[in-house]
Structure formats: structure tokens, C-alpha cells
There are 2 protein chains.
Amino acid sequence: MSISSRFAVGIHILTLIELNKEGVSSSEFLSSSVNTNPAVIRKLMGMLKKSGLIEVRPGIAGAKLTKELSDITLFDVYMAVNVVQEKELFSIHDSPNPDCPVGRNIQNTIEPLFISAQIAMEKVLRNVTLEDVVKDIATKENIC
Amino acid sequence: MSISSRFAVGIHILTLIELNKEGVSSSEFLSSSVNTNPAVIRKLMGMLKKSGLIEVRPGIAGAKLTKELSDITLFDVYMAVNVVQEKELFSIHDSPNPDCPVGRNIQNTIEPLFISAQIAMEKVLRNVTLEDVVKDIATKENIC
DNA sequence: ATTACATGTAATTAAAATAGTTACATGTAA
DNA sequence: TTACATGTAACTATTTTAATTACATGTAAT
């Protein structure tokens with residue numbers, strides 16, 4: 001199964017907040033770009049806020065980034081929106097048969113392998129910042 | 001969400017077929033080590049067979065590996081059991097707003113980033129063989 | 001203070017995937 | 001023909017996602 005699109009939407013939101021920094025990025029504004037329900041966006045805003053990526057206040061319209069674009073990696077967003085738990089990209093069947101040499105060892109043998117695969121994937125996310133994303137969009141729009 | 005445990009179970013099955021190569025690895029035998037239903041194992045056996053990793057025949061008890069252990073990577077198993085589709089480890093929201101500069105570009109901008117993260121993860125799987133798994137279990141069992 | 005409007009959040013829903021279970025058709029060998 | 005294995009379909013419960021509705025809470029302007 002695929003990793004939730006919350007991650008892609010989180011990147012979308014943060015990118016748009018940046019490009020709209022002269023304006024007001026309310027949940028309604030953001031939702032109309034993502035093409036979803038404002039409540040979905042507000043839930044994501046809550047997660048991004050909890051992770052310290054944006055500043056939002058009840059009653060006050062609009063979200064602002066709390067850091068420079070170049071200081072926010074895709075990994076930060078990935079962690080913020082909670083799409084994959086630490087060490088749990090892959091799931092391992094529980095309760096294999098302890099009376100079998102394979103059954104009683106398979107979990108311990110496989111786990112570190114799965115973890116390194118997950119870490120390799122996350123390393124790529126750590127090496128991309130939202131600045132890269134915004135620049136790429138700017139290029140595609142012939143803004144620069 | 002996590003990647004299906006079919007992957008871990010697939011590794012378990014293949015490892016056990018190898019370590020039990022003197023005996024008969026029927027779906028019932030395998031299921032008792034995995035601790036699940038024989039029909040679940042048979043479905044996985046079908047997938048592993050379709051990918052050419054094992055040989056199984058209707059009516060004849062037991063599965064056999066078709067290759068050397070060192071010629072089967074975790075990536076082969078991962079592909080066989082169909083847990084993640086190509087380029088689809090991460091899902092991207094569809095139909096963002098084309099009237100917004102971010103909406104109309106975000107998918108194309110994000111996709112290659114997601115793909116490289118997926119490939120990095122898969123590269124780790126390509127570099128581990130079932131021989132590594134079996135050796136690790138042997139070590140833990142003090143077999144060698 | 002009241003109004004208008006935003007965020008915060010809970011409850012509900014439909015769709016999709018997982019993992020297990022049962023049942024039975026099909027295939028093979030003794 | 002019998003015994004037993006694989007192949008496969010149908011059904012279930014559980015979980016997650018994503019969308020939706022509704023409303024409480026918070027803020028600012030009139």
C-alpha cells in the first residue's frame with residue numbers, strides 16, 4: 001500500500017504558504033488549491049504547527065512559516081504529518097512459531113534489514129528542502 | 001501506513017523452504033511456522049511461483065526453490081509479493097487546482113523526489129540476499 | 001457586546017487494503 | 001478409488017484513508 005497523500009498535501013500547503021506570503025493563507029484558501037475540504041487542511045495545519053513548521057492561531061486567519069524554506073526538509077514534513085512511524089515502514093508478522101528455528105529468529109533477523117531500507121529512503125527526504133521544491137515550481141512557471 | 005507483512009512472510013517462507021530442503025515444505029508445514037492459515041501461504045506460494053522463485057505443482061506436496069539462495073535478493077521477494085507498486089510508494093493527491101501555480105505544478109515537482117526516495121529504499125533490498133538471512137539465522141541458532 | 005469569520009476538533013461516512021477463514025474444485029500418486 | 005495437496009473464490013473483521021458535517025472556541029472590528 002502507498003504512503004498517505006497527507007505527505008504530498010503537507011508539502012503543497014507549505015509551498016503555497018511561502019508563495020502566498022504577501023497574502024493570507026487560510027484553510028479555505030489552501031483547500032481550494034489542494035482541492036479538498038478545509039477541515040482536512042486544518043487537521044494538517046494542526047500537525048504542521050505541532051511540529052513547529054508553521055504558526056497558526058485560533059481565530060486569526062492564515063498560516064505563516066516559522067523557518068526559512070531552506071531549513072525545512074521533506075523529512076521534516078514527512079515526520080510532521082505522521083505518515084510512517086519510526087522503524088515501521090515495513091510490517092512484520094507477529095507470533096511466528098517459537099518451536100521452529102526460522103520462526104523464532106525471523107523477526108530479529110529481518111528487522112534491521114527493514115530499518116536500513118527505511119533509513120535509506122528517509123535520507124533522500126532529508127536531502128531535499130522546500131526551497132528546492134519552490135525553485136522547481138518557479139522554473140516550471142518561468143518565474144525566474 | 002506500513003507495507004504489508006506479506007513481504008516478511010514471503011522471506012520467512014523462502015528461508016524455511018531452504019532450511020527444510022531435506023523435508024517437504026507443504027503449505028500446512030509453512031503455515032505452522034508462520035502461524036497463519038494454510039490458504040494465506042498458498043496464495044503467497046502462488047505469487048512466489050509466478051515470479052519464478054519457487055516451484056510448486058498442484059497435487060504434489062511441497063515447494064522448492066528454483067535458484068540458489070545467493071541469487072535471490074529481498075528485492076525479488078518484495079516484487080514477487082506485490083507490496084508496493086512501481087513509483088507508488090508515496091501517493092500524491094490527484095486533481096489539485098490547475099488555476100494555482102502550485103496546484104498545477106506540485107505533482108510533477110514532487111513525483112521525481114518521491115521516486116528517488118523509493119529507489120534508494122529498494123536499492124538496500126537489492127543488496128541483501130536470502131543467503132544473508134539464512135546465515136544470520138544460523139548464527140543465532142549456533143548452527144555454525 | 002455583538003457580529004463575522006477564522007481555527008480547532010469530534011463524529012460520521014465510504015472506499016480500499018489487510019489478514020484470516022471456510023469451502024471446494026482441481027490435480028497427483030498410491 | 002482414496003487420500004491428500006495445491007489453486008482459488010467468497011466472505012468477514014479490522015484498519016486506514018480522505019471527505020464531510022457540525023459545532024465549540026478564539027479574535028477583531030463595528
Side-chain angles (χ1 to χ4, degrees), chain A residues 1-10 12-13 17 20 23-51 53-64 81-85 88-97, chain B residues 1-10 12-13 17 20 23-51 53-64 81-85 88-97:
Chain A
M1 203 197 193
S2 291
I3 291 170
S4 166
S5 67
R6 279 203 305 278
F7 183 25
V9 174
H12 185 146
I13 288 175
I17 291 172
N20 183 47
V24 176
S25 296
S26 65
S27 64
E28 176 137 9
F29 169 77
L30 296 170
S31 74
S32 88
S33 173
V34 172
N35 192 23
T36 185
N37 194 289
V40 170
I41 299 296
R42 287 200 290 275
K43 194 167 182 194
L44 277 170
M45 286 165 78
M47 290 174 150
L48 296 169
K49 176 185 182 180
K50 194 173 169 190
S51 295
L53 300 181
I54 64 175
E55 200 175 309
V56 206
R57 292 164 66 182
I60 302 180
K64 302 273 179 205
V81 298
N82 221 31
V83 282
V84 174
Q85 304 311 305
E88 292 184 8
L89 174 59
F90 297 91
S91 53
I92 301 182
H93 53 301
D94 45 21
S95 55
N97 189 343
Chain B
M1 204 196 188
S2 290
I3 290 169
S4 167
S5 67
R6 277 202 306 278
F7 183 25
V9 174
H12 185 146
I13 289 174
I17 291 171
N20 183 48
V24 176
S25 296
S26 65
S27 65
E28 175 137 9
F29 170 76
L30 296 170
S31 74
S32 87
S33 173
V34 172
N35 192 22
T36 184
N37 194 291
V40 170
I41 299 296
R42 288 200 290 274
K43 194 167 182 192
L44 277 170
M45 286 165 78
M47 291 174 149
L48 296 170
K49 175 185 181 179
K50 194 174 170 190
S51 295
L53 299 182
I54 64 175
E55 199 175 311
V56 207
R57 292 163 68 182
I60 301 180
K64 302 272 178 206
V81 298
N82 222 28
V83 283
V84 174
Q85 304 312 305
E88 291 185 8
L89 174 59
F90 297 91
S91 54
I92 301 182
H93 53 301
D94 46 22
S95 55
N97 190 343

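Residue A:Ala39 is classed as a base contact, given a heavy-atom separation below 4.0 Å to a base. In this structure, B:Lys50 reaches neither bases nor backbone, as no heavy-atom distance under 4.0 Å exists between it and the strands shown.
The side chain of A:Ser4 has D:dA18 as its nearest neighbour among D:dG7, D:dA18, C:dT7. When distances run from any side-chain atom of B:Ser91 to the nucleotides D:dT17, C:dG27, D:dA18, the shortest one goes to D:dA18. Closest to the side chain of B:Val56, from the set D:dT6, C:dA19, D:dA9, is D:dT6.
DNA chain D is contacted by both A:Asn82 and B:Ala61; B:Ala61 maps to the nucleotide lying nearer its 5′ end (nearest heavy atom per residue). The nearest heavy atom of DNA chain C to A:Lys43 and to B:Arg42 marks one nucleotide each, and the one closer to the 5' end goes with A:Lys43. Nearest-nucleotide mapping onto DNA chain D: of B:Ser25 and A:Asn35, the residue sitting toward the 5' end is B:Ser25. Where B:Arg57 and B:Ser5 each meet DNA chain C at their nearest nucleotide, the meeting point lying more 5' is that of B:Ser5.
A:Ile3 places its CD1 atom 21 Å from the P atom of D:dT15, with the value rounded to the nearest Å. With rounding to whole Å, B:Leu30 atom CG is found 17 Å from C:dA19 atom C1'. Following rounding to the nearest Å, A:Phe29 (CZ) and C:dC5 (P) show an atom-to-atom distance of 19 Å. Rounded to a whole Å, the CG atom of A:Asn37 is 14 Å from the C1' atom of C:dA10. Distance A:Met1 CE to D:dA18 P: 8 Å, rounded to the nearest Å. Distance CD1 (B:Ile60) to P (C:dT26): 18 Å, rounded to an integer number of Å. Per the geometry, NZ belonging to B:Lys49 stands 11 Å off P belonging to D:dT6, to the nearest Å. Atom P of nucleotide C:dT9 and atom CG of A:Leu48 are separated by 14 Å, given to the nearest angstrom.
OP1 or OP2 of D:dA5 has not a single side-chain nitrogen or oxygen of B:Ser26 nearer than 4.0 Å. OP1 or OP2 of D:dA18 has not a single side-chain nitrogen or oxygen of A:Thr36 nearer than 4.0 Å.
Considering A:Val34, A:Ile41, A:Val40 as possible partners of A:Asn37, the one that fulfils the side chain to side chain contact (heavy atoms under 4.5 Å, CB included) test is A:Val40.
When atom types are taken as modelled, the side chain of A:Ser4 and the backbone of A:Val83 share no donor-acceptor pair closer than 3.5 angstrom.
Base pairing of C:dA6 is made with D:dT25, judged by Watson-Crick or G-U wobble geometry with both donor-acceptor distances under 3.5 Å. As the counterpart of D:dT17, C:dA14 is assigned, both hydrogen-bonding distances of the Watson-Crick or G-U wobble pattern falling under 3.5 Å. If you check D:dT1 for Watson-Crick or wobble pairing at under 3.5 angstrom, you find it paired to C:dA30.
At a threshold of 4.5 Å between non-hydrogen side-chain atoms, the residues B:Met47 and B:Asn82 count as touching. A:Ile3 has its side chain within reach of A:Leu89: a pair of non-hydrogen atoms, C-beta onward, lies under 4.5 Å apart.
Heavy atoms from other residues, nucleotides or ligands lying under 6.0 Å from NZ of A:Lys64 number more than 12.
Taken from OG1 in B:Thr36 to CG in A:Asn97, the straight-line distance is 12.5 Å, to the nearest 0.5 Å.
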